[in-house]
Amino acid sequence: MRFPDNFLWGGAVAANQCEGAYLTDGKGLCVPDMLLGGSVDKPRTFLPKTDENAFYPSHEAIDFYHHYKEDITLFAEMGWKVFRLSINWGRIFPNGDDETANEAGLQFYDNVFDECKKHGIEPLVTLCHYEIPWAIVEKYNGFYSRETIDLFLKYAKTVFTRYKDKVKYWLTFNEINICCMDAGGIGNLYGLGVIDPADLASDKPILLSDLKSDIQKTFTALHHEFVASALAVKLAHEINPDFMVGNMIAHETVYPLTPNPADIMATLDRDNYANNFCGDVQVRGEYPQFILNYFKDNGIDTSFMKPGDAEILKEGTVDMYTFSYYQSHCITIKEDVEEAKGNMSTGAANPYLKATDWGWQIDAKGLLYTLQMLTDRYPGLPLMVVENGMGAFDKVEEDGSIHDTYRIDFFREHIKAMREAVNRKIPLIGYTTWGPIDLVSAGTGEYRKRYGFIYVDRHDDGSGDFSRKKKDSFFWYQKVIRTHGEDLD
Ligand code: BG6
């Protein structure tokens with residue numbers, strides 16, 4: 001009952017949620033830099049102009065930019081083999097279409113990767129974790145414009161070449177499927193850099209849930225992202241044949257709420273639409289028939305598919321399938337059912353599951369279910385869970401300790417589920433927990449929604465000195481890694 005010796009244990013962050021230093025050393029603004037802080041009862045808003053009096057959490061985040069050495073040393077102390085992080089595209093091409101790359105930005109990631117190497121940690125780099133340069137949103141409406149494919153490739157080529165001997169594992173777009181889920185406008189803005197002109201012109205904060213979206217634009221931009229991703233995979237292999245490049249799917253694990261065949265069918269359709277559509281394009285290199293049917297039924301004009309695109313998608317399939325897993329929910333045709341809360345997607349609450357402080361249902365068995373479904377669909381393809389965790393309120397005791405037993409319980413059950421997957425010979429190669437160090441929440445913009453094994457003294461009112469503290473879960477995860485997942489007590 002243990003994981004293989006070469007299993008990639010680690011943690012995952014995104015540049016915009018941890019680095020801060022939002023204009024330092026020539027960095028340009030990116031999408032999350034335009035989002036204000038929020039909370040459970042005060043949802044996050046978007047303000048397309050920087051207002052000096054407003055609180056934009058990504059601007060300072062947890063100041064990883066100046067603490068990366070200390071943080072990576074702590075990660076190494078836990079025994080990590082891999083550190084998932086993103087490069088902030090806006091640090092490399094501040095205006096999106098600059099002639100030359102920003103050397104100071106490149107140097108920063110050189111320093112980060114060197115520090116990882118020093119500690120024997122392999123970086124796993126996401127090229128775009130919602131960090132589309134703001135200038136690309138303004139000038140090109142993000143990936144709605146086909147020209148953005150070339151801007152992305154120039155950026156990808158720059159970093160693949162620069163770090164070809166420092167980074168082996170790459171992911172193209174974080175959660176590429178969120179734009180077509182219930183998140184509507186925010187999914188479009190985060191994932192594709194696409195925004196409605198009226199929202200872009202607003203001088204008042206707009207609730208993320210109120211951002212407008214248009215499915216024709218969504219599927220056009222998503223197609224451009226698929227092409228950009230496939231071209232990046234091809235390019236990566238040309239630059240270094242040893243590179244392993246993955247996709248990244250926000251896995252929406254769904255169950256029928258009842259045995260009513262109509263619920264079963266609705267669940268299957270939802271799984272196809274939310275998960276298998278993007279997965280199939282990136283793994284099999286072609287649009288599945290069910291989504292072409294959906295396009296036809298919904299009047300989507302597919303003229304965005306240009307001659308040659310089909311070949312690009314076929315030639316740029318990924319080497320591994322990676323995904324985030326936080327929760328599951330139920331699907332039903334009934335309308336008057338209790339809703340489960342969630343990240344970018346919602347469904348019916350499952351009466352058998354408990355939920356986190358933020359209402360996300362906890363379902364460790366669902367992780368095993370998801371891994372089994374994925375390996376059945378894509379036999380032999382390496383799988384990696386690159387985000388999993390629970391946001392919770394943490395209390396610092398007078399002596400500075402933090403007893404986060406709820407977090408340990410959450411991880412214990414999920415790691416048990418992965419151990420069972422390994423026993424079933426499912427090719428699971430790694431696990432990076434989300435937010436191993438507290439950071440800014442993407443959905444609500446809060447600090448108090450804490451995910452970390454490491455506590456950061458930073459709060460929603462902007463106070464705190466950014467000092468780091470180890471929580472009980474830090475020592476627990478350290479033991480889990482040391483014993484290859486054998487000792488989960
Ligand atoms: C994932 C994102 O969807 O969920 C992360 O890739 C995000 O960026 C994570 O932080 C957790 O969501 P939240 O809203 O709790 O930060």
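Atoms within a ligand are numbered from 1 in the order they appear, just like the ligands themselves.
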State whether the side chain of Asn95 and the backbone N or O of Ala135 hold a donor-acceptor pair below 3.5 Å, judged by distance alone.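 Side chain of Asn95 to backbone of Ala135: no pair is present.
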Polar side-chain atom of Asp460 near backbone of Glu446 as donor-acceptor pair, under 3.5 Å: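 Here the side-chain-to-backbone pair does not exist.
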By side chain to side chain contact (heavy atoms under 4.5 Å, CB included) - contacts of [X] (at least two apart):
X	result
Ser473	Asp404, Arg407, Ile408, Phe453, Lys471
His119	Ile72, Thr73, Ala76, Glu115, Ile121
Asn272	Leu268, Asn276, Phe290, Arg377

Quick one: do the Glu131 and Asn16 side chains pair a donor with an acceptor below 3.5 Å?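 Per modelled atom types, Glu131 and Asn16 side chains form a pair under 3.5 Å.
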Sort out the contact shell of ligand 1: every protein residue with a heavy-atom distance below 4.0 Å, listed by chain and number.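 The answer is Gln17, His129, Tyr130, Asn174, Glu175, Tyr326, Asn343, Trp360, Glu387, Trp434, Ser441, Ala442, Gly443, Lys449, Tyr451, counting any residue whose heavy atom sits under 4.0 Å from ligand 1.
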